[in-house]
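A quick write-up on the structure given underneath.
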2 protein chains.
Amino acid sequence: MLINIDLQANEPIYEQLKNQIMIRIARKELKPGDGLPSVRIFAADLGINLHTVNKAYQQLKQEGFILIHRQKGVVINPEIPSADGEYEEKLTRLLRPLIAESACRGMTEVEFTSFCRQLFHQLTEEGDEG
Amino acid sequence: MLINIDLQANEPIYEQLKNQIMIRIARKELKPGDGLPSVRIFAADLGINLHTVNKAYQQLKQEGFILIHRQKGVVINPEIPSADGEYEEKLTRLLRPLIAESACRGMTEVEFTSFCRQLFHQLTEEGDEG
DNA sequence: TTAACTGTTATATTTAAAGTATAACAGTTA
DNA sequence: TAACTGTTATACTTTAAATATAACAGTTAA
């Protein structure tokens with residue numbers, strides 16, 4: 001698990017952890033059924049507290065990305081819930097300010113969507129680890 | 001200035017304010033040279049503190065969206081800085097987690113970019129106020 | 001059985017950000 | 001002079017994030 005955490009960043013550590021794990025699932029560096037470190041091991045590796053890892057795990061579990069078996073450990077969910085109406089609402093809420101600022105700064109619709117397409121590519125096609 | 005603020009939301013009030021103003025600039029409901037309420041008036045209208053409005057204004061000024069003349073008030077900047085490398089870095093940092101989660105949830109590149117295109121349209125083409 | 005490991009829960013504490021409450025200053029305008 | 005600007009300063013409360021310990025319940029291997 002090559003995870004980089006920036007302790008100085010504005011973004012909360014547990015959010016960074018969630019994002020890093022989701023990014024690795026998208027890149028297929030983490031595949032369905034793959035295991036994640038225990039909260040204690042992961043916390044020790046990253047030099048952070050056990051509860052911070054646990055908070056990330058609990059939210060990832062709540063959102064359907066991982067399964068937690070009491071003594072078997074943490075595993076990537078083979079059936080991550082598809083994007084539904086609720087998720088699209090969340091996505092809209094988060095994307096709208098980014099699109100607004102980009103438009104204010106002169107980016108066209110084509111420029112913005114091309115930018116997204118390129119990022120999407122990097123996240124799903126790049127790398128040899130998957 | 002029809003601005004809606006949700007005092008119960010997780011998103012900080014000054015962030016909501018910044019976003020609402022940027023969205024209205026993108027929609028051309030706010031045009032170059034248009035004035036914004038004074039910090040005191042705006043705060044009173046929204047039922048919040050003067051400093052919260054001031055914080056939003058200071059950041060919008062810092063990012064080039066507004067001009068502040070000491071006694072003349074606050075005005076939409078006619079020359080909002082274009083998207084540069086630094087902005088694209090920020091945009092990448094904010095978009096990557098959204099794209100990763102969308103990919104995990106089965107959205108394709110086409111579906112995601114279409115979603116963005118639609119949102120972009122709503123923000124720049126919709127409404128009669130502009 | 002014992003020891004070592006899981007996730008989970010509880011409690012207490014520290015730190016930083018967000019927001020509020022007042023107050024004052026300096027400059028402009030009617 | 002009075003009323004309005006943005007700005008700055010100080011003090012306070014509330015909340016979220018993160019840490020520090022400790023313990024519990026269940027599993028697994030020695």
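First the proteins, then the strands, lettered A, B, ... as listed; each starts at 1. Please read these numbers as outputs of a predicted model, since none were measured by experiment.
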Quiz item: For DNA chain C, what is the dot-bracket line, given that a base pair needs Watson-Crick (N1 to N3, plus N6-O4 or O6-N4) or G-U wobble (N1-O2 and O6-N3) geometry with both distances under 3.5 Å, and | means paired with another strand?
Solution: ||||||||||||||||||||||||||||||
Quiz item: OP1, OP2 of C:dT8 versus side-chain N and O of A:Gln58: anything below 4.0 Å?
Solution: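 Checking A:Gln58 against C:dT8: at least one side-chain N or O falls below 4.0 Å of OP1 or OP2.
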For [X] and [N], what is the distance between atoms [atom1] and [atom2] respectively, to the nearest whole Å?
X	N	atom1	atom2	result
B:Asn54	C:dA18	CG	P	14 Å
A:Leu67	C:dT8	CG	P	12 Å
B:Tyr57	D:dT5	OH	P	10 Å
B:Ile66	D:dT7	CD1	C1'	14 Å
B:Lys18	C:dA18	NZ	P	10 Å
A:Leu60	C:dT8	CG	P	12 Å
B:Phe42	D:dT5	CZ	P	13 Å
A:Asn10	C:dT15	CG	P	19 Å

Quiz prompt | A:Ile80 reachable from A:Val75 in the ILVMFWY side-chain graph, under 4.5 Å edges | solution =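 No.
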What side-chain donor-acceptor pairs closer than 3.5 Å can you find for residues 56-64 of chain A, not counting sequence neighbours?
from    : atom 1 : to      : atom 2 : distance (Å)
A:Tyr57 : OH     : A:Pro37 : O      : 2.7
A:Gln59 : OE1    : A:Lys18 : NZ     : 2.9
A:Glu63 : OE2    : A:Lys18 : NZ     : 3.0

Could you go through nucleotides 17-19 of chain D and list every protein N or O atom that sits under 3.5 Å from one of its N or O atoms, giving the distance for each pair?
from   : atom 1 : to      : atom 2 : distance (Å)
D:dA17 : OP1    : A:Tyr14 : OH     : 2.7
D:dA17 : OP2    : A:Lys55 : NZ     : 2.9
D:dA18 : OP1    : A:Ile13 : N      : 2.3
D:dT19 : OP2    : A:Asn49 : N      : 3.0
D:dT19 : OP2    : A:Thr52 : OG1    : 2.7

Donor-acceptor pairs under 3.5 angstrom involving side-chain atoms of residues 90-101 of chain A: please list them, not counting sequence neighbours.
from     : atom 1 : to       : atom 2 : distance (Å)
A:Lys90  : NZ     : B:Glu101 : OE1    : 3.1
A:Lys90  : NZ     : B:Glu101 : OE2    : 3.3
A:Thr92  : OG1    : A:Glu88  : O      : 2.8
A:Glu101 : OE1    : B:Lys90  : NZ     : 3.2
A:Glu101 : OE2    : A:Arg105 : NE     : 3.2
A:Glu101 : OE2    : A:Arg105 : NH2    : 3.2
A:Glu101 : OE2    : B:Lys90  : NZ     : 3.3

Going by the rule side-chain contact (heavy atoms from CB on, under 4.5 Å), which residues pair with [X] if we only count those two or more places apart in sequence or in a different chain?
X	answer
A:Asp84	A:Glu86, A:Tyr87
B:Asn4	none
B:Pro12	B:Tyr14, B:Glu15

side-chain hydrogen bond (donor to acceptor under 3.5 Å, both in side chains) partners of [X], counting only residues at least two apart:
X	result
A:Asn77	none
B:Asp45	none
A:Asp34	none

Could you go through residues 106-113 of chain B and list every donor-acceptor pair under 3.5 Å that involves a side-chain atom there, pairing it with any protein atom two or more places apart or in another chain?
from     : atom 1 : to       : atom 2 : distance (Å)
B:Thr108 : OG1    : B:Glu111 : N      : 3.1
B:Glu109 : OE1    : A:His121 : ND1    : 2.7
B:Glu111 : OE1    : B:Thr108 : N      : 2.9
B:Thr113 : OG1    : B:Glu109 : O      : 2.9
B:Thr113 : OG1    : B:Val110 : O      : 3.1

Practice problem: Encode nucleotides 25-30 of chain C as B, S and - characters from 5' to 3', where the letter depends on protein heavy atoms closer than 4.0 Å: B to the base, S only to sugar-phosphate, - to neither. | Solution: -BBS--
Practice problem: Kindly determine whether B:Phe42 and B:Ile48 satisfy side-chain contact (heavy atoms from CB on, under 4.5 Å), including the steps that lead there. | Solution: CA-CA 8 Å; B:Phe42 214 169; B:Ile48 60 177; over 6 Å; no
